[in-house]
Amino acid sequence: MFNMSHHHIGRLVALFVMTFSGSLSAQDDFERPPIEYSTSQPDNCVSRLQERLDNGEISLTHDGTHGYLKAALEALGVPIESQVLVFSKTSLQTRYISPRTPRAIYFNDEVYVGFCQSGDVMEVSAVDPQLGTVYYTLNQKDPDSPPRFERRGDTCLVCHASSRTEGIPGHLVRSLAVDESGYPLLSMGSRTVDHTTPFDQRWGGWYVTGQHGSQTHLGNRISREGESSQPVADPDAQNITSLADRFNVDRYLSPHSDIVALMVLEHQVLVHNRITNANFTTRQALAYNQMMIEALEYSPETRLDSTTRRIQGAGDELVDALLLVGEAPLTAAVQGTSGYTEQFAKTGPRDSQGRSLRELDLQRRLLRYPCSYLIYSDAFAALPQEMRDYVWQRMGEILSGDDASPKYAHLTSEDREAIIEILRETMPGLPEHWGGKQAISLSQ
């Protein structure tokens with residue numbers, strides 16, 4: 001145990017009061033230094049697009065049906081094939097959303113765009129390497145004024161910075177029962193969805209187009225209060241390839257709500273949130289470590305055990321998400337309808353054998369090589385060095401077979417070898433000799 005003087009104890013008490021006075025909510029955590037979420041300047045694909053608009057380098061065309069949607073998707077590099085449709089009233093513009101007028105969501109690796117028919121604004125959430133998710137709206141009703149992505153705060157954070165997003169400004173996908181007007185029937189339960197969610201519990205309140213064999217899901221279904229304590233799959237809502245009999249699909253950029261796009265969306269939402277949590281946790285832990293060693297007059301190199309544990313805990317959760325630990329297995333092949341599968345797979349780096357982490361499996365699982373393509377993202381690259389070192393250490397231990405824990409049993413020897421080989425050729429800044437049987441200790 002530490003042998004603390006009265007002087008040290010007094011400084012600790014003062015530090016405790018300074019650090020923990022007031023509310024201890026997760027939001028207060030990231031609003032204080034070192035994160036300072038609301039007062040920090042964003043730097044992401046949307047903020048950079050706004051700079052180009054302000055400088056006159058680019059313009060966005062407005063049309064009477066979709067407003068700025070087409071132009072914004074093109075400027076942000078978001079494919080129309082990624083369109084998925086949600087008809088639950090669970091977003092900012094609830095009055096425009098119903099089973100007859102679902103909200104469309106489009107996405108790529110960096111940004112999510114929400115569009116409502118006749119909506120006042122377009123809703124955008126960008127992945128910011130330092131701030132997690134940053135939320136914006138773009139006015140759809142004023143084409144005479146220059147388009148401006150306005151940053152949003154508390155209105156979005158009420159839902160998007162809660163236990164459902166692991167306490168950080170994040171993204172959120174839910175499955176719940178929805179009535180004929182689009183209102184959630186919360187008495188029938190609600191589930192946050194990611195790649196670990198069983199297939200038969202996904203997509204309540206969403207439209208789903210695609211083939212999935214004998215597997216069932218909760219999509220394409222209108223529920224009624226009191227019919228069941230839990231939502232159940234509708235046999236007539238499975239393996240649907242057209243939504244034309246449910247609403248006017250001509251009012252959307254695509255007639256699809258692609259099942260493969262939905263699966264990719266759910267995976268990357270989890271990974272984006274885990275990357276943000278790893279970033280915030282490391283920065284907060286190191287800042288607290290600095291305050292403590294200054295208060296106790298320890299040497300500047302001192303690393304408290306609690307600091308190491310916090311970094312490792314968030315790092316372990318990120319590694320599990322990157323390696324798709326706990327992924328719900330597919331029991332039949334899945335096939336989309338919009339062309340998203342082909343569009344998704346054609347981007348991203350490939351190794352000398354032509355292999356890519358963006359190759360989809362869709363027979364047994366989501367990815368052919370179970371390691372997330374978001375490992376190439378700017379958000380991952382922006383993780384503090386201490387976190388990246390730990391993540392690479394753990395991934396090296398797992399993929400080399402040095403860590404043969406049962407939780408990683410889904411990774412066959414062929415999977416592990418392929419992932420190591422792909423990353424060695426395609427991942428900039430990978431530690432030398434990474435992935436060998438002799439694990440390199442990268443922790444500080």
Side-chain angles (χ1 to χ4, degrees), residues 44-45 78 82 84 105-112 125-134 160-174 191-197 202 260-282 311-328 340 344-345 347-349 356-362 365-384 387-388 390-392 394-395 398-399 407-408 410-411 415 419 422-423 426-427 430:
N44 55 63
C45 61
V78 178
S82 69
V84 291
I105 297 172
Y106 308 85
F107 66 97
N108 62 17
D109 296 3
E110 295 184 289
V111 66
Y112 304 79
S125 60
V127 179
D128 190 293
Q130 293 301 327
L131 299 179
T133 305
V134 178
H160 287 271
S162 67
S163 59
R164 293 182 183 274
T165 63
E166 306 192 23
I168 49 88
H171 300 92
L172 178 63
V173 179
R174 296 172 68 187
R191 171 182 285 272
T192 302
V193 179
D194 55 48
H195 62 238
T196 68
T197 306
R202 300 187 189 189
V260 178
L262 281 163
M263 293 173 65
V264 170
L265 172 73
E266 294 156 353
H267 162 72
Q268 71 174 43
V269 161
L270 174 65
V271 178
H272 277 147
N273 290 349
R274 291 284 174 86
I275 291 174
T276 299
N277 184 56
N279 184 312
F280 284 16
T281 297
T282 305
I311 294 172
Q312 290 179 349
D316 289 339
E317 291 183 349
L318 174 54
V319 168
D320 286 355
L322 290 169
L323 295 178
L324 288 93
V325 169
E327 180 183 9
Y340 177 79
F344 173 83
T347 58
S356 166
L357 295 184
R358 296 183 76 92
E359 291 183 53
L360 296 168
D361 180 271
L362 304 179
R365 59 195 182 196
L366 177 61
L367 300 176
R368 179 176 181 182
Y369 307 108
C371 176
S372 181
Y373 52 92
L374 290 180
I375 205 164
Y376 300 117
S377 67
D378 290 344
F380 182 86
L383 286 171
M387 178 57 72
R388 279 189 289 118
Y390 181 71
V391 168
W392 285 125
R394 286 294 297 133
M395 289 188 66
I398 294 161
L399 295 173
K407 71 189 297 186
Y408 305 115
H410 67 293
L411 297 165
D415 291 335
I419 294 169
I422 292 169
L423 286 174
T426 62
M427 189 70 195
L430 199 64

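These values consider heavy atoms only, across backbone and side chains, with no hydrogens, waters or symmetry-generated copies. Only a predicted model underlies this, so the values are computations on that prediction, with no experimental measurement involved.
A side chain to side chain contact (heavy atoms under 4.5 Å, CB included) with Arg358 is found for exactly one of Tyr376, Tyr373, Tyr369, namely Tyr373. Among the candidates Ile375, Leu322, Thr276, the single residue satisfying the side chain to side chain contact (heavy atoms under 4.5 Å, CB included) test with Val271 is Leu322.
In this structure, Trp392 and Leu430 have side chains that are in contact, with non-hydrogen atoms separated by less than 4.5 Å. Contact annotation: the side chain of Leu172 approaches that of Thr192 to within less than 4.5 Å [non-hydrogen atoms, C-beta and beyond]. Residues Val111 and Val78 meet the side-chain proximity criterion, which asks for heavy atoms closer than 4.5 Å. Inter-residue side-chain proximity for Thr133 and Asp128 is flagged as unmet; no heavy-atom pair is nearer than 4.5 Å. Using a 4.5 Å heavy-atom threshold, the side chains of Leu411 and Pro370 count as touching. Between Asp316 and Tyr390 the shortest side-chain heavy-atom distance falls below 4.5 Å.
The aromatic rings of Tyr112 and Phe107 lie parallel to each other, with less than 30° between the two planes, well short of the 60° mark.
With hydrogens and angles ignored, the 3.5 Å screen pairs a side-chain donor or acceptor of Arg202 with a backbone N or O of His195. A distance-only check finds a donor-acceptor pair linking the side chain of Asn279 to the backbone of Pro129 [under 3.5 Å]. Looking at His272, its side chain does come within 3.5 Å of a backbone N or O of Asp109 through a donor-acceptor pair. With Arg191 contributing its side chain and Val193 its backbone, the two residues share no donor-acceptor pair below 3.5 Å. Although no hydrogens or angles enter the test, the distance criterion places a donor-acceptor pair under 3.5 Å between the side chain of Glu359 and the main chain of Ser356. A donor-acceptor contact shorter than 3.5 Å links the side chain of Asn273 to the backbone of His171. Proximity of a side-chain donor or acceptor of Thr281 to a complementary backbone N or O of Ile311 within less than 3.5 Å is not detected.
With values rounded to the nearest 0.5 angstrom, Asn44 atom CG is found 8.0 Å from Leu131 atom CG. To the nearest 0.5 angstrom, Arg368 atom CZ is 12.0 Å from Ile419 atom CD1. How far CZ of Phe280 is from CD1 of Ile168: 6.5 Å, rounded to the nearest 0.5 Å. Note that CG of Leu357 is 10.5 Å distant from CG of Leu374, once rounded to the nearest 0.5 Å. The CD atom of Gln312 lies 10.5 Å from the OG1 atom of Thr282; values are rounded to the nearest 0.5 Å. Atom OG1 of residue Thr196 and atom CD of residue Glu327 lie 9.5 Å apart, to the nearest 0.5 angstrom.
Arg274 and Asp194 are not joined by a salt bridge, as no carboxylate oxygen comes within less than 4.0 angstrom of a charged side-chain nitrogen. Comment: Arg365 engages Asp415 in a salt bridge, judged by a side-chain N to carboxylate O separation of less than 4.0 angstrom.
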* side-chain contact (heavy atoms from CB on, under 4.5 Å) between Ile275 and Leu383: does it pass, once the steps are laid out? -> CA-CA 8 Å; Ile275 291 174; Leu383 286 171; 4.1 Å; yes
* Could you go through the side-chain contact (heavy atoms from CB on, under 4.5 Å) check for Leu270 and Glu166 one step at a time? => CA-CA 10 Å; Leu270 174 65; Glu166 306 192 23; 4.0 Å; yes
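Residues passing the side chain to side chain donor-acceptor pair (under 3.5 Å) test with Ser377: none are found, sequence neighbours excluded. In this view, Tyr106 satisfies the ring-ring contact (aromatic ring centres under 6.0 Å, His included) rule with no residue, not counting sequence neighbours.
Summarising the geometry of Ala314 relative to Met387, their closest heavy-atom pair is CB-CE, 3.9 Å, with the distance given to 0.1 Å. Between Ser372 and Leu367 the shortest heavy-atom distance is CA-CD1, 4.2 Å. Taking both residues in full, the closest heavy atoms of Leu324 and Cys371 are given as CD1-N, 4.0 Å, listed atom of the first, atom of the second, then distance.
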